[in-house]
Amino acid sequence: MSDAATPTPTTGSAGTPSNPLGEAWRTLRRRPDTIIATAVLLVFAVMAAFPQLFTTTSPRSCPIREARTDPQGWGSEHPLGTDALGCDVLATMVHGVRPSLLLALVVVGVSVVIGVTLGLLAGYYLGWVDYLISRTVEVFLVVPLLLAALLVLSLFKGVDLGAGTFNVILLPAVVLILFGWMPYARYVRASTLEAKNLDYVTAARSLGASDLRIMVRHVLPNAIGTVTALLPTSVAGVISAEAVLSFLGIGVRPPATSWGIQIEQGSQWVLGGSPHILLAPLICLVATVLALVVLGDALRDALDPRLTA
């Protein structure tokens, strides 16, 4: 693992940590692109939590006996039309937000906990602890995330975990977590190497503070800024990965719905005169990922002014 220094929050004149998140918030409030990106994400968050505010139609109210040979286009009864099975495209799109966002939050949340913990241990203790964790990180980094997910999920393609939302995302979440915690470990390790030799950390150690207290109360705050800046782009990456896996039929599976499944179904009708089946979820996916990337870039710049041109 490389020991190259990564940006860490600055410290105050007395050697104590400043409040990087508070300073970042004041900077972000003055950026129009951040405000727009946040508004877009809030809309999709509300859509995931309260889909009934956007549609009263169930995404499953399309039994096979009512299936049509051709999808229907835009109309008052179905604002975004229907697909080949007669399912309302708007309802499917709205209800497809929840599995995607829930999967992303679970994967990123657990990956952060694992990565931060291992990064702290590696950077603080060094020696054999650092060697073992660093070599493990390097082994996992050799395998591309999507390739690993394709291989593992293909083996469990026939496993039925139930129809609940959490059960539907469980298997993809485990695979994405398994191959997604390494960046956090690398950044936190680099931050720990720099922070553990600061004056206030040395003072705490000389006063008899335990290793756990030093790591949690004094070293970890220096890594918060870097980890926070990674979160939006990490969520965007997981949402994109889920869409790709569902498109290939090994991510979220029917009868559950997701944007990836809808995009896969819609791709078959693009040249058949029904592009709305593809465009609706695709626009939502692009808007969400783009908003997260914009927010991630803004957070990075706000938390480390040295990166701002």
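Only this structure's heavy atoms are used, side chains among them; waters, hydrogens and symmetry mates stay out.
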Which pairs of donor and acceptor atoms, one on a side chain in residues 102-123, lie under 3.5 Å apart (sequence neighbours left out)?
unit_1 : atom_1 : unit_2 : atom_2 : d
S111   : OG     : V107   : O      : 2.6
T117   : OG1    : V113   : O      : 2.7

Considering all heavy atoms of both residues, which atom of L101 and which atom of A48 are nearest to each other, and what is their separation? CD1-CB, 3.9 Å
side-chain hydrogen bond (donor to acceptor under 3.5 Å, both in side chains) partners for D211, two or more places apart: Y124, Y125
Any heavy-atom pair between the side chains of V137 and R186 that's under 4.5 Å? yes
Apply salt bridge (Lys or Arg N to Asp or Glu O under 4.0 Å) to R31 and list each qualifying residue two or more places apart in sequence or on a separate chain. D33, D301
Only one of T136, V142, V143 passes side chain to side chain contact (heavy atoms under 4.5 Å, CB included) with F140; say which it is. T136
Indicate yes or no for a side-chain donor-acceptor contact from R205 to the backbone of K196 under 3.5 Å, with no hydrogens or angles considered. yes
Taking the side chain as every heavy atom from C-beta outward, state whether T288 and L292 have any atom pair closer than 4.5 Å. yes
V227 and Y187, any side-chain heavy atoms less than 4.5 Å apart: no
N/O donor to acceptor pairs below 3.5 angstrom from side-chain atoms of residues 278-286, sequence neighbours left out:
none

If we count only N and O atoms by modelled type, under 3.5 Å, do the side chains of S246 and E242 hold a donor and an acceptor together? yes
Check: P99 and W259 side chains under 4.5 Å, non-hydrogen atoms: no
Determine all donor-acceptor pairs shorter than 3.5 Å in which one atom belongs to a side chain in residues 175-182; sequence neighbours excluded.
unit_1 : atom_1 : unit_2 : atom_2 : d
W181   : NE1    : L178   : O      : 3.1

Side chain to side chain contact (heavy atoms under 4.5 Å, CB included) between F54 and L90, intermediate numbers included: CA-CA 9 Å; F54 298 84; L90 175 62; 5.8 Å; no
Rounded to the nearest 0.5 angstrom, the CG-CD1 distance for L126 and I133 is 10.5 Å
Report the distance from atom OG1 of T34 to atom CG of L299, rounding to the nearest 0.5 Å. 7.5 Å
Please identify each residue that fulfils side-chain contact (heavy atoms from CB on, under 4.5 Å) with L53, with sequence neighbours left out. V46, F50
Cluster overlap L295 with L231, hydrophobic side-chain contacts below 4.5 Å: yes
Residue pair Q262, T92: steps toward the side-chain hydrogen bond (donor to acceptor under 3.5 Å, both in side chains) verdict: CA-CA 8 Å; Q262 203 173 2; T92 308; 4.7 Å; no
Sidechain-backbone polar pair: T233 side chain, L230 backbone, donor-acceptor under 3.5 Å: yes
With side chain to side chain contact (heavy atoms under 4.5 Å, CB included) as the test, would you mind laying out the steps for F44 and S100 before giving the verdict? CA-CA 11 Å; F44 285 114; S100 298; over 6 Å; no
Taken to the nearest 0.5 Å, the spacing of I239 CD1 from S234 OG works out to 11.0 Å
Would you please test R189 and D130 for side chain to side chain contact (heavy atoms under 4.5 Å, CB included) and show each step? CA-CA 9 Å; R189 175 184 178 273; D130 179 40; 2.7 Å; yes
